[in-house]
Amino acid sequence: MPQTLSEKIIAKAAGRPSVEPGEIVTCAVDLAMMHDSSGPRLAGRKLDELGVPVWDTSKLVVITDHYINDDVPDHQRIQKDAAAWVASHGVKHFIKAQGICHVVLPEAGHVKPGLFCVGADSHSVTAGGLGAFMVGIGGTEMTGVLATGEIWIRVPETARIKVTGKLQAGVAAKDVILKLCGDFGVMGFNYQVIEYAGSAIRAMSVDERMTLANMAAELGGKTGIVEPDEKTEAQLSAWGAVGIDIAAWKNDPGATFARTVVLDGDALVPQVAAPSSPENAAPVTDHLGTKLDQAYLGACTGAKLDDLRMAAAVLKGRQIPKGFKFMVAPSSVKIREQAAKEGTLGIIEAAGGVVLATGCGGCIGQGAARLEENAVGISSTNRNFVGRAGPRSSKLYLASPFTVAASAINGAIADPREFL
Amino acid sequence: MSIIKGRAWAYGANIDTDQLAPIGSYQGIDMAAGAKMCLREIDPKFAASVREGDIFVGTDNLGIGSSREQAPTFLKILGIRAVVAKSFARIFYRNCFNIGLPALILADAEKIGMGHELSVDPDAGTVHDLTTGVEFTCQPIPPHLMQIVAAGGLMPYLKERLKAPALDRA
C-alpha cells in the first residue's frame, strides 16, 4: 500500500516494509537531541542511575541554549554540569551557546530528510521543515533513548494542509500557521502528523518551512513535515549535511491522508494571536492600534535569517518611537553574524532595535525581553500562554516578523502591508 | 495497580505546562521547592493544599505546551496519584506514564467538580465520583503503557529490562 512520507520514515526506523496508522511500533533512533534543561541534568543524570552508557555517542547532539546567562548562579551550575556530563560520556557533538537548539541542530549539518529523530523539547518538530521526522519527548523518555537507542511510537495519521496560490507581500509562514491555529484550535490536529504542501509552501524558503513545522506543536500535532525538494537540498548542503537523498523521501504516489485541509494562500492576510493562546488568531485588522509596550523578534520560530530580513524590509529607513522597547535575539550566532554582514542587522539597529544575546530568552520569560507587570507586547515567538513570557498581568500578542516590525514602528499593532 | 482514593482538583480546559511548571520553578536542584510554584498563577492555594492520593482532573488539552517533565513531576511531588482528563497533550501524556503517574482519558471529565471525592481504578479504567455517586468508564490504558506505569515508571521499567538477557529485550 502506498505510504505517506512520515509512514515511510517510521517503517524504515522500525525495520518494517510498511506501517499503518494506529499501530504501536518500536523505532531505532537515527538522531537524538537534548538541551541544557532536559538533557544532562535530567535525562543524563537518570542514565547514570541506570548505569549504562549512551547507546551511540555519534547519534547524540547536546546543545546549551536555555540557561546561558552567566550572571545567574543556577545557569552557571547547569552549564558546568552539562559540559562535565558531555565530557565524561564521550558525547561527540556538543554545541555550547551557539543559538537555539532547533535552529542550531540543522545548521550544524545533523538533520536530513528521512531521519527518525527525537528531541527533548516540544519544538523539536522544527526539523520536519527539512523532511526529517522529529518528535518532542520528555526527559525520562530521553533516558530510555540514551540507554537503548529505541522508542515506542503510535504510528500517526497524516493530515495534509495544502496552501494554494501565492502569499501576498507582507504575509509569511507565521500567518499561515496562526490562521490554522485560529481555525482549528490548539489541539486541532492532535496526534496527527501535519504535512504542509501546495504551491505557497513550495515557494517558501527553508527557514519559513521550519516555522510551519515548529508550530505544528501549537496545533496539537505529533510533528510537522514538508516534502524535501531542491531548496531543502541546497540549504542542507550549505549547512554541511552529507548523504542527502531528496528523491527517496516523498509521499508514495497514491498515498492516502487522514484529512486534507485547503488554505487559500492568495486570500491570506496578516494574522495576530491575542493573549493568551495561539488559537486566538484573527486578521491584524481586528487589532489595529492596540497600544504596546514592547516588540520582540526571537526564538526558534521568529528570528531566523529570513525572519530578520522580513523585519528589515519593514524597518528600512524608519524609526521606532522614543522609549519603545524593540528587542531582537537572533536564533543563532551564525544567523547574527550573517545578518550583520549583509546589513540586515544594521537596518534593525538603525531603526532603534536592540540586539540581545542569542538563546531562548524572552520566549520563556527570561532576560531583557521578559514582560513586566501589566506590560503588553507583540512577539514573533510561538506561544503566548499565561505566565510564559512574563507575569500573569502581562499580555502577549503573536505575529509574523513583518507585523512585529510594523507594530514596533507604530508602538501599536500595525498592518505590515502598509509599510512594504 | 492499587485503587487511588482522594479529592479532585479540577481546573477545566487548557491547563498548560507554563502554569504547571512556571519559568523559574525548575532550574534549581530542589524540585520540592519548585513544586510549590505549581499553578501559582491560577490557584496560589493549590500547592499547599494538595494531599497524598489526590487526583488532578482536566478537561480538554491537559498539559499542552512544553515537553518539560517537571509539569507532571510537580503534581506527583505534591501528592497527586492519578491524572484524569478529556484529552491530553501528547508529550505530557507520555511523561505522566514515564514518571509513574497513571493518566486516564475520560470523555465525561468535565462532570467531575472541584473537591469531589474520587476513587480511581487504573487497571479497570474506572473513576467513581463518590460525591455524586456516578461511576465513569475511561478509555483503557494501552497495555504497553500499563506495563510502564505498573512498574512505577520508565526508570524502574528500564532497570528490569536492562537486567534481562539481550535476547529477551526485543
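A note on names: the letters A, B, ... follow the listed sequences, proteins ahead of strands, and every chain is numbered from 1. In this text, all values refer to a predicted model and were calculated from it rather than measured experimentally.
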* To do: Given side-chain contact (heavy atoms from CB on, under 4.5 Å), test A:Arg154 with B:Arg90 step by step and report yes or no.
  => CA-CA 11 Å; A:Arg154 181 171 159 271; B:Arg90 53 165 292 279; over 6 Å; no
* Show your reasoning for whether side-chain hydrogen bond (donor to acceptor under 3.5 Å, both in side chains) applies to B:Glu69 and A:Ser38. => CA-CA 8 Å; B:Glu69 191 174 281; A:Ser38 58; over 6 Å; no
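To the nearest 0.5 angstrom, B:Ile91 atom CD1 is 7.5 Å from A:Ser124 atom OG. Between the CD1 atom in B:Ile23 and the CD1 atom in A:Ile364 there is a gap of 4.5 Å [rounded to 0.5 Å]. Rounding to the nearest 0.5 Å gives a distance of 5.5 Å between OG1 of A:Thr148 and CZ of B:Arg161. To the nearest 0.5 Å, atom OG of residue B:Ser67 and atom NE2 of residue A:His35 are 5.5 Å apart.
Contacts of B:Asp16 with chain A are made by side-chain atoms alone, with heavy-atom separations under 4.5 Å and no backbone atom involved. With a 4.5 angstrom heavy-atom cutoff, B:Arg68 touches chain A only via side-chain atoms. Heavy atoms of A:Gln366 lying under 4.5 Å from chain B belong exclusively to its side chain. Residue contact with chain A, scored on non-hydrogen atoms closer than 4.5 Å, is absent for B:Asp60. Only the side chain of B:Ile148 comes within less than 4.5 Å of a heavy atom in chain A; its backbone stays farther off.
Considering every non-hydrogen atom in both A:Leu50 and B:Leu158, the closest pair reads CD1-CD1, 3.8 Å.
Looking at A:Val72 and B:Gln27, their side chains come closer than 4.5 Å, going by heavy atoms from C-beta outward. Side-chain contact between B:Gln19 and A:Phe385: absent, with no pair of heavy atoms (C-beta onward) separated by less than 4.5 Å. Side chains of B:Phe97 and A:Glu141 form no contact here, defined as non-hydrogen atoms less than 4.5 Å apart.
Using a distance-only test at 3.5 Å, with no hydrogens or angles considered, no donor-acceptor pair links the side chain of B:Arg94 to the main chain of A:Gly138. In this structure, the side chain of A:Arg392 engages the main chain of B:Glu41 through a donor-acceptor pair within 3.5 Å.
The most heavy-atom pairs under 4.5 Å with chain A, out of B:Thr17, B:Asn14, B:Asp18, B:Ile42, come from B:Asp18. Of the listed residues (A:Ala120, A:Ser277, A:Gly139, A:Ala217), the greatest number of heavy-atom pairs within a distance under 4.5 Å of chain B belongs to A:Gly139.
Summarising the local packing, NZ of A:Lys395 is surrounded by 12 or fewer heavy atoms from other residues, nucleotides or ligands at distances under 6.0 Å.
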